[in-house]
Amino acid sequence: MPGTVRLPQRVLIANRGEIALRIIRTCRRLDVQAVAVYSDADRAAPHVDAADEAMRIGPAPASESYLNVEAIVGAALESGAGAVHPGYGFLSERADFARAVLDAGLIWIGPPPEVIDALGDKVAARRLAAGAGVPVADGLETDEGDAALADAIAKLGLPVMVKAAAGGGGRGMRLLRTEDDAPDGLEAAVAGARREAASAFGDGRLLVERALSEGRHVEVQVMFDAQGNGVHLGERDCSVQRRRQKVIEESPSPAVDDSLRRELGDAALRVCSAAGYVGAGTVEFLLMPDGTYVFLEVNARIQVEHPVTEAITGLDLIEMQLRVAAGQPLPIRQDEIAFRGHAIETRIYAEDPSRDYVPSTGRLRWFEPQDSRARHDTGPRSGDVVTAYYDPMLAKTIVHATTRGEALQRATEALDAWAIDGVTTNLDQLATILESDDFRDGAVDIGWLERIELEDRDAPCDALAVAAVAESERGAWRSSGELSRAYLLHGRRHVVEARRGPEGWLAAVDGASAQTAPIGREWAADVSGDGVVVSHGERRWVFLRERRRRTAAARSRAAGANVVRAPMPGTMIEVLVEVGDEVEAGQTLAVMEAMKMEHLLTAPNAGVVTAVHTSTGASVDEDAVLIELGAAT
């Protein structure tokens, strides 16, 4: 990408984890020095080691470090950086941060502050989109407090989506389909969304829109230079979501043809052009089954899912951001952009889908992708501790193939080759989604994952048999010549019984009839202290040995299910009961915050509160007993 304007020699990255590492990779390729920032919790993090220089900006809580504008700008000046890249999340869509960077004489790698004000604010963005002739959903743009907004929602009628006016990433959002989604009342639901929005973005203003739950989430990547030139780089389909946050993204969308792609791209460019956009941005739409669409919002920053766009266009979006911020014109025209093949990204989270996606913390005993054919954007590494301070996303795995069918197969194979031990993850759910008929047929919408019950995946019997037989070399056999092993593939338990038969090894998986184990030159197994990596050609499976672990939920059950424990370390936002209160099963007893999200702690059964061991504002450890219940009178 030629340009007469030179790039800054040093760039400070005001972020952490995988996005910081992603930016560092491009900086290194362009011979630009990268300066990292870190909190006390991230002192030994990979992004700190990868950077040319690293600056401490405060304690572990994000509010005292990664959201500390003064500390970050000060670090940039002290380090001699000439520019600041905000990544995504944290301060990336805060106009006051952009202004502080510019006021310090530094280059801001993002849209101008006034554009962030116009588009980063969902209310202002709705008005601007409507003025550009782009359809918007019905909604309420006036926020006069919790009670007034709750009354307005009641008049508008459910279903509605309550969302933070600032920021993105699904934070500060409440989907209220029926009154059951607001068991403690509309005002309480509004208050919860406001608290989460204020915590995540420092701005508690809310917007309410009519909820359209049958549509697909389709977004368009745009890029503008300071000379007024803009291009769109195609669309991404992000319809698979939990808690209004994306889980799987792909490009192109199965629901978008060439004509609709041009129409959505033109609409996205009109919205951003009207705002005087510069840099990378994403315009999000809800695409309805009948082909109509409505504007949702603009994310005035780089997105988590940008790699799928890079895969199908061959462009480095971080490089384009750096060059545009330095004043260089776009290196490519709209008619020169070609979309090749199909790309899929899966987000790997430290969370338990079977427990309402409660985040998981702990030390990563093993964290290593084994499929070298895929792109893996990772944050931590083996031995690192996953804390409750930050978002639970661990990594993104991206595959690219000629067709969607090939990409689906490659994505599943890449997930099976992940070795993660020490925390619970959503790997099994991701692989199960990719293998589901609905996803393969492109028949999903934004409410699909929360509506359906996924079927268990078929066990990879041949690979499991190879793993069990390979254990023989480690002296794991019984005196009878048989071996019984329990393995975990993404947390799902499989039992293998193996023995030597007259014609070779025989193995039974999960009680099925014994089959000849496929031992030979085409199969290989690498046995380690944590598990077995089985290979067949370029395909890999990682099977962990089962270890006895008692979760907080299991310990609560052992205590008679009359104890409410903290599912993870966090901070108590509200304690809603006192000793002597009678409660119903499922009633919200307290609200805690961890990993930038609120979690409702509910009564396991009906009863009377006999003890409360916490209070609002208190910090709690994982598994701490918070509330005790006795039998109802």
Open item on the list: With no hydrogens and no angle check, just 3.5 Å: does a side-chain donor-acceptor pair link Arg301 and Gln303?
Closed with: yes
Open item on the list: Can you tell me how far apart CG (Leu296) and CD (Glu209) are? Round to the nearest 0.5 Å.
Closed with: 6.5 Å
- [ ] Would you mind checking if Asp181 and Arg174 are paired as a salt bridge, meaning a charged N to carboxylate O distance below 4.0 Å?
- [x] no
Open item on the list: I need the Thr346 OG1 to Glu250 CD distance, nearest 0.5 Å.
Closed with: 11.5 Å
Open item on the list: The test is side-chain contact (heavy atoms from CB on, under 4.5 Å); show your working for Leu77 and Leu106 and say whether it passes.
Closed with: CA-CA 8 Å; Leu77 293 172; Leu106 305 173; 4.1 Å; yes
Open item on the list: On a heavy-atom basis, which atom in Ala100 and which in Val69 lie closest, and how many Å separate them?
Closed with: CB-CG1, 3.7 Å
TODO: Please examine the side chains of Val222 and Thr282, heavy atoms only from C-beta on, and report whether any two atoms are closer than 4.5 Å.
DONE: no
- [ ] Just jot down the side chain to side chain contact (heavy atoms under 4.5 Å, CB included) partners of Ser39, sequence neighbours excluded, or say none.
- [x] Ala41, Asp42, Ser65, Tyr66, Tyr390
Can you give the donor-acceptor pairs under 3.5 Å from side chains of residues 144-162 to other protein atoms, not counting sequence neighbours?
unit_1	atom_1	unit_2	atom_2	d
Asp146	OD1	Arg194	NE	2.6
Asp146	OD1	Arg194	NH2	3.0

Task: Arg270 side chain to Ala132 backbone, donor-acceptor under 3.5 Å - done: yes
- [ ] State whether Arg22 and Asp316 are salt-bridged, where the test is any N-O pair (Lys NZ or Arg NE/NH1/NH2 against Asp/Glu carboxylate O) under 4.0 Å.
- [x] yes
TODO: Decide yes or no for Pro353 and Arg242: does some side-chain heavy atom of the first lie under 4.5 Å from some side-chain heavy atom of the second?
DONE: no
Open item on the list: Side chains of Tyr349 and Gln245: any donor to acceptor distance under 3.5 Å?
Closed with: no
TODO: Indicate yes or no: does Arg195 engage Glu593 in a salt bridge with an N to O separation below 4.0 Å.
DONE: no
- [ ] Keeping the roles fixed (side chain from Lys396, backbone from Glu345), state whether a donor-acceptor pair exists under 3.5 Å.
- [x] no
- [ ] Indicate whether the side chain of Glu70 and that of Asn68 have a donor and an acceptor atom separated by less than 3.5 Å.
- [x] no
Open item on the list: For Arg347, is there an ion pair with Glu249 - N to carboxylate O distance below 4.0 angstrom?
Closed with: yes
Open item on the list: For Glu179, I'd like to know if atom CD has over 12 heavy atoms of other residues, nucleotides or ligands within 6.0 Å.
Closed with: no
- [ ] Kindly give the heavy-atom pair with the smallest separation between Gly215 and Met288, and that separation in Å.
- [x] CA-SD, 4.0 Å
Task: Salt-bridge present (Glu351, Arg243; N to O < 4.0 Å) - done: no
Open item on the list: Considering only residues two or more places apart or on different chains, which pairs with a residue in residues 72-85 satisfy side chain to side chain donor-acceptor pair (under 3.5 Å)?
Closed with: His85-Gln321
Open item on the list: Please determine whether the number of non-hydrogen atoms from other residues, nucleotides or ligands lying under 6.0 Å from atom CG of Asp621 exceeds 12.
Closed with: no
Using distance only, find each side-chain donor-acceptor pair of residues 271-281 under 3.5 Å and give its atom names and separation, not counting sequence neighbours.
unit_1	atom_1	unit_2	atom_2	d
Tyr277	OH	Ala280	O	2.8

Task: Test item: Val218 and Asp237 side chains (from C-beta on) under 4.5 Å apart, heavy atoms - done: yes
Task: Electrostatic pair Asp40-Arg43, nearest N-O below 4.0 angstrom - done: yes
Task: The single option from Glu235, Gln221, Arg236 passing side chain to side chain donor-acceptor pair (under 3.5 Å) against Thr309 - done: Arg236
Open item on the list: So which atom in Ile19 and which in Gly87 form the shortest heavy-atom distance, rounded to 0.1 Å?
Closed with: CG1-CA, 3.9 Å
- [ ] Might you point out which heavy atoms bring Asn15 and Gly89 nearest each other, and give the distance in Å?
- [x] ND2-O, 4.3 Å
Open item on the list: Checking Tyr293 now: which residues fulfil ring pair (Phe, Tyr, Trp, His ring centres under 6.0 Å) with it, not counting sequence neighbours?
Closed with: Phe285
TODO: For residues 119-155, pull every pair meeting ring pair (Phe, Tyr, Trp, His ring centres under 6.0 Å), keeping only residues two or more places apart or in separate chains.
DONE: none
Task: Salt-bridge present (Arg451, Asp445; N to O < 4.0 Å) - done: yes
